[in-house]
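Bear in mind the structure is a predicted one, so any value in this text is a computation, not a measurement.
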Amino acid sequence: MAAVFGSMVPLHFFARISGLVVAGLVLLWSLAFNSSFLPHSSSQEDLIYAVLHPLLMVIGFILISGEAILVHKWLPGSRNLKKSVHLCLQGVALACGVFGIWTKFHGNDGIVANFFSLHSWMGLICISLFGAQWVMGFLSFWHRGEGRAARARVLPWHIFLGLYTYGLAVATAETGLLEKLTFLQSKRNDAFKHSSESMVANSLGLGLALLCGIVVLAAVSPKYQHFQNKIVYLESDTKFLSS
């Protein structure tokens, strides 16, 4: 039993460690190199909104939604409690994502001017899928008239769309990093490739990729209770045979 428990704990442990590393890197990049997010001629207000965008989308949207995915794995208590916490965390992540996207639209350029890249279109699709998924989960949580068979048929699709949207969010963040690094490199000389800012941004991209893999692996891994039941059964069966 201890061996099985030890094999499950590192997934949650490494998910949180990688999440802290990602949060630290995005904070370092946004605060220490904030002059790279907007031209020097921009106002202080525009700079604040530009810095808020990566903070909200990475820490508020990706990290919190990842923690919501893992709620069913580590949170003790009833199933309704786990669903409530999952729904609340996803709601916070959705609010951060919507506000994070809004920070790109508050300026004088308007909405259409901001949709010029793969990153922007992926972000719109991701937040739309996430919002629809959350609304369906909210309605399903408060309206329980459906039969158990119908819920069983919908659950695999709910899990698939949740993990797909999470992976899409990480992929969108990666395209945003690539877009920003390409823009900065075109504005500066080749020395930017080996600068400290480039190293921080590239490390952030690697950290997001690692975090996504750990969260998805932890989400699809069998629950600890299943392993525990099997071990108890095997132990009882072994005692019966030895007697």
Side-chain angles (χ1 to χ4, degrees), residues 19 22-23 25-26 29-30 33-34 36-39 42 45-69 89-138 157-187 192 197-198 200-213 215-216 219:
V22 166
L25 287 172
V26 72
W29 187 41
S30 301
F33 304 98
N34 53 24
S36 299
F37 287 86
L38 281 178
S42 300
E45 181 183 359
D46 291 338
L47 180 61
I48 292 175
Y49 281 116
V51 171
L52 279 177
H53 179 73
L55 293 178
L56 288 170
M57 301 311 294
V58 174
I59 298 178
F61 187 58
I62 294 178
L63 295 188
I64 294 181
S65 62
E67 189 65 27
I69 291 175
L89 288 177
Q90 295 286 48
V92 172
L94 177 61
C96 291
V98 171
F99 184 60
I101 291 180
W102 177 84
T103 59
K104 303 297 292 184
F105 299 151
H106 83 286
N108 298 325
D109 295 335
I111 297 178
V112 178
N114 286 277
F115 282 95
F116 61 90
S117 64
L118 176 64
H119 172 69
S120 58
W121 282 105
M122 288 179 66
L124 180 62
I125 294 173
C126 179
I127 203 68
S128 299
L129 286 177
F130 193 92
Q133 177 87 336
W134 186 86
V135 170
M136 292 300 296
F138 180 82
W157 290 103
H158 177 76
I159 296 175
F160 166 74
L161 286 176
L163 294 178
Y164 174 78
T165 306
Y166 179 76
L168 183 62
V170 174
T172 303
E174 301 284 10
T175 58
L177 288 172
L178 181 61
E179 178 182 305
K180 176 61 69 174
L181 290 175
T182 302
F183 174 78
L184 292 175
Q185 184 177 338
S186 63
K187 293 295 182 180
F192 176 77
E197 181 179 0
S198 177
V200 170
N202 288 328
S203 299
L204 176 59
L206 292 175
L208 284 169
L210 177 63
L211 174 65
C212 181
V215 170
V216 173

Open item on the list: Using side chain to side chain contact (heavy atoms under 4.5 Å, CB included), reason through L94 and Q90 one step at a time and then give a plain yes or no.
Closed with: CA-CA 6 Å; L94 177 61; Q90 295 286 48; over 6 Å; no
Separation between [atom1] of [X] and [atom2] of [Y], rounded to the nearest 0.5 Å:
{"X": "L47", "Y": "L52", "atom1": "CG", "atom2": "CG", "answer": "9.5 Å"}
{"X": "F33", "Y": "L184", "atom1": "CZ", "atom2": "CG", "answer": "11.0 Å"}
{"X": "L118", "Y": "E179", "atom1": "CG", "atom2": "CD", "answer": "8.5 Å"}
{"X": "L206", "Y": "L211", "atom1": "CG", "atom2": "CG", "answer": "12.5 Å"}

Open item on the list: Please check: side-chain N/O of H53 versus main-chain N/O of T103, any donor-acceptor pairing under 3.5 Å?
Closed with: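 No; judged by distance alone, with no hydrogens or angles, the pair does not exist.
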Open item on the list: Treating E67 as the side-chain partner and L89 as the backbone partner, does any N or O pair qualify as donor plus acceptor under 3.5 Å?
Closed with: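 Flag not set: sc E67 to bb L89 has no pair under 3.5 Å.
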Open item on the list: Using side-chain heavy atoms (C-beta onward) and a distance below 4.5 Å, is Y164 in contact with L129?
Closed with: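 Sidechains of L129 and Y164: in contact.
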Open item on the list: I want to check something: taking the side chain as every heavy atom from C-beta on, are W29 and L177 in contact at a cut-off of under 4.5 Å?
Closed with: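 Yes - at least one pair of side-chain heavy atoms lies under 4.5 Å apart.
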Over all atoms of both residues, closest heavy-atom pair of [X] and [Y]:
{"X": "E174", "Y": "A209", "value": "OE2-N, 3.5 Å"}
{"X": "I69", "Y": "A219", "value": "CG2-CB, 3.7 Å"}
{"X": "H119", "Y": "T172", "value": "ND1-O, 2.7 Å"}
{"X": "A173", "Y": "L208", "value": "CB-CD1, 3.8 Å"}
{"X": "V98", "Y": "I127", "value": "N-CD1, 4.0 Å"}
{"X": "S30", "Y": "L55", "value": "OG-CD2, 3.7 Å"}

Open item on the list: Between Q133 and H158, does the side chain to side chain contact (heavy atoms under 4.5 Å, CB included) criterion hold? Intermediate values first, please.
Closed with: CA-CA 8 Å; Q133 177 87 336; H158 177 76; 3.2 Å; yes
TODO: Examine W134 together with F138 and report whether their ring centres are nearer than 6.0 Å.
DONE: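 Judged by ring-centre distance (under 6.0 Å), W134 and F138 do meet the cut-off.
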Let me have the donor-acceptor pairs involving side chains of residues 57-65, under 3.5 Å, with sequence neighbours excluded, atom names and distances please.
from, atom 1, to, atom 2, distance (Å)
S65, OG, F61, O, 2.5
S65, OG, I62, O, 3.0

Open item on the list: Below 30° counts as parallel, above 60° as perpendicular, anything between as tilted: where do the rings of F160 and W157 land?
Closed with: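 Perpendicular.
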- [ ] Please assess Y49 against K104 for the test side chain to side chain contact (heavy atoms under 4.5 Å, CB included), listing each intermediate value before the final yes or no.
- [x] CA-CA 7 Å; Y49 281 116; K104 303 297 292 184; over 6 Å; no
- [ ] Just do the side chain to side chain contact (heavy atoms under 4.5 Å, CB included) check on L124 and I101 with the steps written out, would you?
- [x] CA-CA 8 Å; L124 180 62; I101 291 180; 5.9 Å; no
